[in-house]
Asker: 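Quick one: the structure is below, questions incoming.
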Amino acid sequence: QVQLVESGGGLVQPGGSLRLSCAYSGFSLDYYHVGWFRQTPGKEREGVSCISSSDGRTSYGDSVQGRFTISRDNTKNTVYLQMNSLKSEDTAVYYCAAGGPLISWINVNEYDYWGQGTQVTVSS
């Protein structure tokens with residue numbers, strides 16, 4: 001049974017940092033890509049970052065490029081999202097998701113499994 005559980009969200013001041021974790025089970029990163037998405041009320045889910053199954057190649061959305069870093073630890077079955085220089089517009093519920101071969105990593109429909117989400121609030 002595939003399961004993804006996010007953690008690490010919380011309240012942080014603008015300019016601060018947070019590290020989100022996505023603990024996964026039931027699949028191998030040898031075959032699945034893992035992506036991070038975020039969503040605010042009334043808006044569509046937005047692709048934040050993705051790490052490739054085969055070679056660990058990383059991709060980022062334009063709004064987080066240079067501030068966020070995705071990584072994985074296969075020994076701990078965990079994918080991380082390090083978020084630095086946080087802005088108020090980064091406030092959202094963050095989800096991790098797993099999918100097989102991807103054509104477009106930012107397309108939510110290409111992911112098969114989703115976590116329950118973790119709230120990130122950036123505010124002074």
Side-chain angles (χ1 to χ4, degrees):
Q1 181 179 359
V2 174
Q3 191 172 17
L4 300 103
V5 179
E6 303 94 336
S7 61
L11 173 64
V12 63
Q13 292 187 344
S17 298
L18 278 177
R19 189 177 77 161
L20 304 183
S21 299
C22 174
Y24 63 87
S25 60
F27 67 92
S28 169
L29 286 183
D30 290 339
Y31 306 105
Y32 279 84
H33 307 268
V34 173
W36 283 97
F37 290 78
R38 65 187 182 186
Q39 190 170 24
T40 54
K43 293 189 176 181
E44 293 186 353
R45 202 161 288 191
E46 174 192 9
V48 175
S49 183
C50 179
I51 189 162
S52 170
S53 60
S54 56
D55 55 8
R57 182 179 56 186
T58 57
S59 302
Y60 298 93
D62 291 341
S63 61
V64 306
Q65 181 75 47
R67 299 188 298 121
F68 291 10
T69 303
I70 191 171
S71 63
R72 66 187 187 187
D73 186 337
N74 292 358
T75 65
K76 296 182 178 180
N77 284 10
T78 302
V79 173
Y80 302 99
L81 184 69
Q82 177 67 43
M83 307 187 296
N84 298 329
S85 302
L86 283 161
K87 306 174 182 179
S88 58
E89 51 263 43
D90 295 318
T91 296
V93 177
Y94 284 71
Y95 300 88
C96 65
L102 300 178
I103 298 175
S104 172
W105 73 268
I106 61 173
N107 185 347
V108 298
N109 295 320
E110 295 197 24
Y111 291 82
D112 302 311
Y113 306 102
W114 291 83
Q116 83 289 347
T118 185
Q119 176 70 47
V120 172
T121 302
V122 184
S123 175
S124 56

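Not measured: the values here are computed from a predicted model. Atoms considered below: every heavy atom in the structure, side chains included; atoms not considered: hydrogens, waters and symmetry mates.
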Asker: Go through R38 and V64 one step at a time and tell me if the side chain to side chain contact (heavy atoms under 4.5 Å, CB included) criterion holds.
Answerer: CA-CA 11 Å; R38 65 187 182 186; V64 306; 3.9 Å; yes
Asker: Restricting to non-hydrogen atoms, name the atom on Q82 and the atom on S17 that form the minimum distance, rounded to 0.1 Å.
Answerer: NE2-CB, 3.9 Å
Asker: Counting distance only, does the side-chain N/O of Y60 pair as donor-acceptor with the main-chain N or O of I70 below 3.5 Å?
Answerer: yes
Asker: Rounded to the nearest 0.5 Å, what separates atom OG1 in T78 from atom CZ in R72?
Answerer: 12.5 Å
Asker: Side chains of Y24 and Y113: closer than 4.5 Å at any heavy-atom pair?
Answerer: no
Asker: Would you say the ring centers of Y111 and F37 fall short of 6.0 Å from each other?
Answerer: yes
Asker: Determine whether L4 and Y95 satisfy the following criterion, side chain to side chain contact (heavy atoms under 4.5 Å, CB included), listing intermediate values before the conclusion.
Answerer: CA-CA 9 Å; L4 300 103; Y95 300 88; over 6 Å; no
Asker: Linking I/L/V/M/F/W/Y whenever their side-chain heavy atoms sit closer than 4.5 Å, directly or via other members, would V34 and L18 fall into one cluster?
Answerer: yes
Asker: Within a 6.0 Å radius of atom CG on L102, are there more than 12 heavy atoms belonging to other residues, nucleotides or ligands?
Answerer: yes
Asker: Is there a continuous path of hydrophobic side-chain contacts, each under 4.5 Å between heavy atoms, that joins L81 to V12?
Answerer: yes
Asker: Closer than 3.5 angstrom, by distance alone: can the side chain of T91 be matched with the main-chain N or O of V122 as a donor-acceptor pair?
Answerer: yes
Asker: Could you measure the distance from the CD atom of Q1 to the CZ atom of F27? Nearest 0.5 Å is fine.
Answerer: 12.5 Å
Asker: Return the OG to CD distance between S124 and Q13, rounded to the nearest 0.5 Å.
Answerer: 7.0 Å
Asker: For a side chain to side chain contact (heavy atoms under 4.5 Å, CB included) check, start with the C-alpha distance between L11 and S123, then their side-chain angles and the critical distance, and finish with the verdict.
Answerer: CA-CA 7 Å; L11 173 64; S123 175; 4.2 Å; yes
Asker: Between V5 and V93, is there a shared hydrophobic cluster once you connect ILVMFWY residues whose side-chain heavy atoms come closer than 4.5 Å?
Answerer: no
Asker: Do any N or O atoms from the side chain of R57 and from the backbone of S52 form a donor-acceptor pair under 3.5 angstrom?
Answerer: no
Asker: Just to verify, what does E110 make a salt bridge (charged side-chain N to carboxylate O under 4.0 Å, His left out) with, not counting sequence neighbours?
Answerer: none
Asker: Membership question, hydrophobic clusters at under 4.5 Å side-chain separation (ILVMFWY): are V48 and L29 in the same one?
Answerer: yes
Asker: Specify the closest pair of heavy atoms between C22 and W36, including all atoms of both residues, with the distance to one decimal.
Answerer: CB-CZ2, 3.6 Å
Asker: Atom CZ of R19 and atom OG of S7: how far apart are they, to the nearest 0.5 Å?
Answerer: 9.0 Å
Asker: What distance separates S21 OG from N77 CG, expressed to the nearest 0.5 Å?
Answerer: 12.5 Å
Asker: Taking all non-hydrogen atoms of both residues into account, name the closest pair between C50 and H33 and its distance.
Answerer: SG-CB, 4.0 Å
Asker: Looking only at heavy atoms, which two atoms of D112 and G100 are closest? And how far apart?
Answerer: OD2-N, 3.6 Å
Asker: What I want to check is whether the side chains of S63 and E89 have a donor and an acceptor closer together than 3.5 Å.
Answerer: no
Asker: Give a yes or no on whether V79 and Y94 share a hydrophobic cluster (residues Ile, Leu, Val, Met, Phe, Trp, Tyr; joining criterion: side-chain heavy atoms under 4.5 Å apart).
Answerer: yes
Asker: Looking only at heavy atoms, what is the nearest atom pair of T118 and G9, with distance?
Answerer: OG1-N, 3.2 Å
Asker: Please check this pair: side chain of E6 against backbone of G117, looking for a donor-acceptor N/O pair closer than 3.5 Å.
Answerer: yes
Asker: Can you find a pair of side-chain heavy atoms, one from F68 and one from S49, that are under 4.5 Å apart?
Answerer: no
Asker: I'd like to check M83 versus V120 (side-chain heavy atoms, cut-off strictly below 4.5 Å). Are they in contact?
Answerer: yes
Asker: Does NZ or CZ of R45 come closer than 6.0 Å to the centre of the six-membered ring of W114, within 45° of the ring's axis?
Answerer: yes
Asker: Can you tell me how far the OG1 atom of T58 sits from the CH2 atom of W105, to the nearest 0.5 Å?
Answerer: 10.0 Å
